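Written below as structure tokens is the structure these notes are about.
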Amino acid sequence: MLNNSSSTRIATYNVNGISARLPVLLKWLEETQPDIVCLQELKAIQENFPEKAIRDLGYNVIWHGQKSWNGVAILAYNEEIKEIRRVLPGDPEDVHSRYIEAFVGDLLVGGLYLPNGNPAPGPKFDYKLGWMKRFETHTNELLKQNVPVVLCGDYNVIPTEKDVYKPERWVDDALFRPESREAFHQLTNKGWIDALRKLYPDETIYTFWDYFRNAYGRDAGLRIDHFLINPMLENRLIKAGVDRHVRGWEKSSDHAPVWIELAK
DNA sequence: ATGCCATTGATACAATGA
């Protein structure tokens, strides 16, 4: 395909507002040419998604917008997207646009924007933990299926102390609280593979730098955007990385794009 | 401990984010 005919590049990018981010998004897509992209935090109603600009680059796209907050999308270059669901099962009352899932070729792709959960404790933290429980239930179902699965997005979880510039500052934060980390580790315990950690077990890897306090300049980052892949894909995982330089662009998101490459 | 910045938008002396 685009990057390399022998591999598929899948990327995830929390854009923090698709309207404000469109020039940066298009520039990054043209520069890195991923085959499949999951976007989070569209912060736009369904009608305001820039469908034409995305399609003009050769991507098919499905998305689930929401006024002001949340919103997720899946893009696929020159490949059909077969939508499976656009809601995380398990709670009919939950109307946040935080999950979208589709087949792209033989690959099942889930894009997620997991709740932030601050302040903790409180109702927002309860919502986060409830969402994670529902997510685990759903991923258990996915593990039973005999298909390759990629679950990527903004997990809003710092998995370990290695994944934050100053752990002691984050102990009471919903992203780093033991409950959040344990819920994330439940997933890896069940067989999901944290793709970037698998390839880089000891490196410091960040995917987010706060807009405050010159966080990017100081490299005061967090690793909260993740790729979980099922065991079927373990031997096809060949590369992974963070497009850190995009975080340094004018008008960038506070997240950087993250990607993996799978052998065909 | 707080604010620091950025985005969306009953354009706010707000709400949310991480």
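Protein chains get the first letters and strands the later ones, always in sequence-line order, with residue 1 at the start of each. The model shown is predicted, which means the values in this text are computed figures rather than measured ones.
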In this structure, how many angstroms lie between the [atom2] atom of [N] and the [atom1] atom of [X], rounded?
X	N	atom1	atom2	result
A/Lys43	B/dT7	NZ	P	8 Å
A/Tyr113	B/dG17	OH	C1'	6 Å
A/Phe212	B/dG17	CZ	P	13 Å
A/Gln66	B/dT8	CD	P	14 Å
A/Arg169	B/dT2	CZ	P	13 Å
A/Asp210	B/dT2	CG	C1'	13 Å
A/Trp249	B/dA6	CH2	C1'	19 Å

Donor-acceptor pair, A/Arg181 side chain versus A/Phe176 backbone, under 3.5 Å? yes

Using the [atom1] atoms only, state how far [M] lies from [N], rounded to an integer number of Å.
N	M	atom1	result
B/dA12	B/dA1	C1'	26 Å
B/dG9	B/dT16	P	14 Å
B/dT2	B/dT7	P	25 Å

Indicate, with a heavy-atom threshold strictly under 4.0 Å, whether [X] touches base, sugar-phosphate, or nothing.
X	answer
A/Asp154	sugar-phosphate
A/Ser19	sugar-phosphate
A/Asn14	sugar-phosphate
A/Arg21	sugar-phosphate

Determine which pairs satisfy salt bridge (Lys or Arg N to Asp or Glu O under 4.0 Å) with at least one residue from residues 136-155 of chain A, sequence neighbours left out, and list them in order. A/Lys133-A/Glu136, A/Glu136-A/Lys190, A/Glu141-A/Lys144

Heavy-atom count check: over 12 atoms from other residues, nucleotides or ligands less than 6.0 Å from A/Arg85 CZ? yes

Who is the Watson-Crick or G-U wobble partner of B/dG9, with both distances under 3.5 Å? none

Under a 3.5 Å cutoff, is there a donor and acceptor pairing between the side chains of A/Asn16 and A/Lys43? yes

